[in-house]
Amino acid sequence: MDIKTPYIWKNWNFIKWDDCVVQHVNHSLHYGSGVFEGIRFYPTSQGPKIFRLKEHILRLFYSAKTMNLSINFSEEEIMQACIDAVKKSNVESGYIRPIIYHKSGNMWLKAENDIEAVVSVWAWGKYLSDNPISVKIPKLRRMAPQTADMKAKVCGYYSNNILASQEIKSEWYDEGLLLDINNNVAEGPWENIFFIKWKDLYTPELWAILPWITRNTIIKILKEKFSINVIEKKILESDIPEFDEAFFVGTAAEVTLIGSITLEGGKKVELESNFSRKIKKLYEEIVTWEVKEYNGWLY
Ligand code: PMP
């Protein structure tokens, strides 16, 4: 997949994609100490619009704080960099990837503050299928919140997500669903999960999950448009056969219907998508400027 676009924003300037390189003796490359965001923008009647840009940048700065990266950029500057990068890309719909990292130098774990920020943009279609997908619970557990701040999106943490994805992809499932170290349902490697039973909606409580943007969007729109309060609680793997429906949410995965979940022991739980489909449709309308009351989420 060639995702190259002509320009990249780096430290307040646009430079050519091919000129944007990093020194290989680099704290963040070796130890994963950078922080990043994944943001989508959509084609709308008003031109390309970025969904929930502010909240993504707030998470980026939160993540940086947890890693003690002292940033000499303001939130507004990085937001503007994202808006300018989309304009300069000439791409109608795709993905924005801001990253903040140590550029080089000191390789002690306790790093120096030699920070740079880069924003790239590329065209990106669906991450997972529009049809209900097959999900499998891998053996690998989601890392525990006692080992890292799970609310932060830190490069190094993604080794856990990568290993889980590789485990289930080698068995031809579309996506994984990780349990936490106490065997409660946590999240997908790239998305949060919701379950439906008799019109009630459930999602894992804040513990071993990255809980920010799309999860919050879904909780808000369920309350405001369907008068449904999502119940945040511990969900055991053994609860899964009791559910009628399940769906993944995430910036990349958007709302993804789940057709089946194969439990760790091999039992396959088949799921419907009746109400999930309505939520997916509403989400797709909101991100494309079709629901006026949520247009404030689009930049
Ligand atoms: N969990 C994980 C582990 C993720 O990587 C993502 C994608 N950023 C999500 C959940 C969903 O995140 P978002 O807040 O972007 O919707």
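Start at 1 and go down the list; that is how both ligands and their atoms are numbered. Residues take their numbers from the sequence shown, with the count starting at 1.
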Side-chain donor-acceptor pairs of residues 44-52 under 3.5 Å, sequence neighbours excluded:
unit_1	atom_1	unit_2	atom_2	d
Thr44	OG1	Gln46	N	2.9
Thr44	OG1	Gly47	N	3.4
Thr44	OG1	Gly47	O	2.6
Arg52	NH1	Asn216	OD1	2.8
Arg52	NH1	Thr217	OG1	2.9
Arg52	NH2	Glu55	OE2	3.2
Arg52	NH2	Asn216	OD1	3.3

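- Atom numbering of ligand 1 starts at 1 in the shown order; those under 4.0 Å from a heavy atom of Gly250 are 11 (C), 16 (O).
- Listed for the Asp244 side chain is a donor-acceptor partner under 3.5 Å among the backbone atoms of Trp198.
- Not a single donor-acceptor pair under 3.5 Å links the side chain of Glu191 to the backbone N or O of Phe248.
- The nearest heavy-atom contact from the protein to atom 8 (N) of ligand 1 is Lys153 NZ, 2.7 Å.
- Among all non-hydrogen protein atoms, the one lying nearest atom 16 (O) of ligand 1 is Thr214 OG1, 2.5 Å.
- The shortest N or O to N or O distance between Ile213 and ligand 1 is under 3.5 Å.
- Classified by interplanar angle (parallel below 30°, tilted 30° to 60°, perpendicular above 60°), the ring pair Trp122/Tyr95 is tilted.
- Around atom 12 (O) of ligand 1, the closest heavy atom drawn from Glu191, Arg59, Glu187 belongs to Arg59.
- Residues Trp289 and Tyr42 place their aromatic rings such that the two centres sit no closer than 6.0 Å.
- Between Phe195 and Tyr202, a ring centre-to-centre spacing not shorter than 6.0 Å is recorded.
- For the residues Trp212, Tyr158, Phe248, the heavy atom positioned nearest atom 4 (C) of ligand 1 is part of Tyr158.
- Annotation: atom 3 (C) of ligand 1 to nearest protein heavy atom, Asn161 ND2, 3.4 Å.
- Between Pro132 and Leu271, the closest side-chain pair of non-hydrogen atoms is not below 4.5 Å.
- Among all protein heavy atoms, the one lying closest to atom 13 (P) of ligand 1 is Thr251 OG1, 3.5 Å.
- Close placement of the Tyr158 and Trp190 rings is indicated, their centers lying within 6.0 Å of each other.
- Using a 4.0 angstrom heavy-atom cutoff, Pro189 counts as in contact with ligand 1.
- Scanning the protein for heavy atoms near atom 6 (C) of ligand 1, the closest one is Trp190 O, 3.3 Å.
- For Arg142, the closest heavy-atom approach to ligand 1 falls below 4.0 Å.
- Of all atoms in ligand 1, listed by their number and element, those nearer than 4.0 Å to a heavy atom of Asn192 are 10 (C), 11 (C).
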